[in-house]
Amino acid sequence: MQGRLSSWLVKHGLIHRSLGFDYLGIETLQIKPEDWHSIAVILYVYGYNYLRSQCAYDVAPGGLLASVYHFTRIEYGINQPEEVCIKIFVSRKNPRIPSIFWVWKSADFQEKESYDMLGISYDSHPRLRRILMPENWIGWPLRKDYIAPNFYEIQDAH
């Protein structure tokens with residue numbers, strides 16, 4: 001079953017895949033990485049003016065990585081705002097997704113965290129860097145195939 005946004009995207013010839021609805025009735029769509037930037041701009045123009053959250057996860061060891069965005073369409077006088085969830089799957093060998101920082105500034109630290117923990121590069125992000133792990137940390141701690149080092153260096157211990 002298609003939701004309102006999916007039907008609108010089909011009507012305008014925008015390629016996506018409907019993943020159905022979650023337990024709250026929020027529509028979930030899959031978008032290809034190469035289509036993401038243009039569809040993100042369209043979502044903003046369509047009225048999804050609030051990025052509620054962005055996260056990422058490792059689908060399976062050695063498998064795909066996913067970047068997930070939750071958007072809300074906030075309008076005055078509406079008691080139940082419309083929401084949508086967007087999922088973008090990428091190969092772990094070259095995990096690159098266009099950044100939406102230039103559309104929603106609130107994506108800044110959320111995309112940095114996904115980069116830091118899973119190694120997903122967000123193209124055109126102005127300051128993509130590690131924010132939780134040291135800059136010289138090797139690997140991506142939230143990947144399911146990550147092997148934790150058997151030592152931890154204590155910094156600034158006196």
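Numbers here are sequence positions counted from 1.
- Rounded to the nearest 0.5 angstrom, Gln110 CD and Tyr122 OH are separated by 9.5 Å.
- Here Arg52 pairs with Glu83 in a salt bridge; the nearest charged N to carboxylate O distance falls below 4.0 Å.
- If you chain together hydrophobic residues whose side chains sit under 4.5 Å apart, Val103 and Leu5 fall into the same group.
- Taking the six-membered ring wherever Trp is involved, the centroid distance between the rings of Tyr50 and Trp104 does not fall below 6.0 Å.
- A cation-pi arrangement, defined by a distance under 6.0 Å to the six-membered ring centre and an angle within 45 degrees of its axis, is absent between Lys112 and Tyr115.
- To the nearest 0.5 Å, atoms CG (Leu19) and SG (Cys85) are separated by 8.0 Å.
- Of the inter-residue distances, the one linking Asp123 atom CG with Glu111 atom CD reads 10.0 Å to the nearest 0.5 angstrom.
- Cluster membership check: Phe89 does not share its hydrophobic cluster with Ile100, using side-chain heavy-atom separations under 4.5 Å among Ile, Leu, Val, Met, Phe, Trp and Tyr.
- Taking hydrophobic clusters as Ile, Leu, Val, Met, Phe, Trp and Tyr residues chained together by side-chain heavy-atom distances below 4.5 Å, Ile42 does not share a cluster with Val10.
- Heavy atoms only, all atoms of each residue included: Ile15 and Ile39 are closest at O-CD1, 3.7 Å.
- In this structure, Trp137 is a member of the same hydrophobic cluster as Ile120, with clusters built from ILVMFWY side-chain heavy atoms closer than 4.5 Å.
- Under the 3.5 Å distance criterion, the side-chain polar atoms of Asp35 are left unmatched by any main-chain donor or acceptor of Leu14.
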Original post:
Would Met117 and Met133 count as a side-chain contact (heavy atoms from CB on, under 4.5 Å) if you check the C-alpha gap in whole Å, the side-chain angles of each, and the deciding distance to 0.1 Å?
Top reply: CA-CA 8 Å; Met117 296 288 105; Met133 305 301 289; 3.4 Å; yes
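- Rounding to the nearest 0.5 Å gives a distance of 7.0 Å between CD1 of Ile88 and CD1 of Ile31.
- When only modelled atom types and interatomic distance are considered, Ser114 and Gln54 share a side-chain donor-acceptor pair under 3.5 Å.
- Remark: Glu135 does not engage Arg129 in a salt bridge, criterion side-chain N to carboxylate O under 4.0 Å.
- Taken together through direct or relayed side-chain contacts under 4.5 Å among Ile, Leu, Val, Met, Phe, Trp and Tyr, Trp140 and Leu132 form part of one hydrophobic cluster.
- The minimum heavy-atom distance between Ile131 and Glu113, with the atom names listed, is CD1-N, 3.9 Å.
- Note: Tyr69 and Trp36 meet the aromatic proximity criterion, with ring centroids under 6.0 Å apart.
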**OP:** Decide side-chain contact (heavy atoms from CB on, under 4.5 Å) for Arg92 and Asp58; before the verdict, give the C-alpha distance in whole Å, the side-chain angles of both, and the deciding distance to 0.1 Å.
**Re:** CA-CA 9 Å; Arg92 71 190 320 106; Asp58 190 347; 2.8 Å; yes
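- Residue Ser67 holds its OG atom at 11.0 Å from NZ of Lys87, rounded to the nearest 0.5 Å.
- Taking the ring centre of Phe101 as origin, the terminal cationic atom of Lys105 falls inside the region bounded by 6.0 Å and 45° from the ring axis.
- The distance from atom CZ of Phe109 to atom CG of Asp116, rounded to the nearest 0.5 Å, is 12.0 Å.
- Taking the six-membered ring where the residue is Trp, the centroids of Trp8 and Tyr46 are separated by under 6.0 Å.
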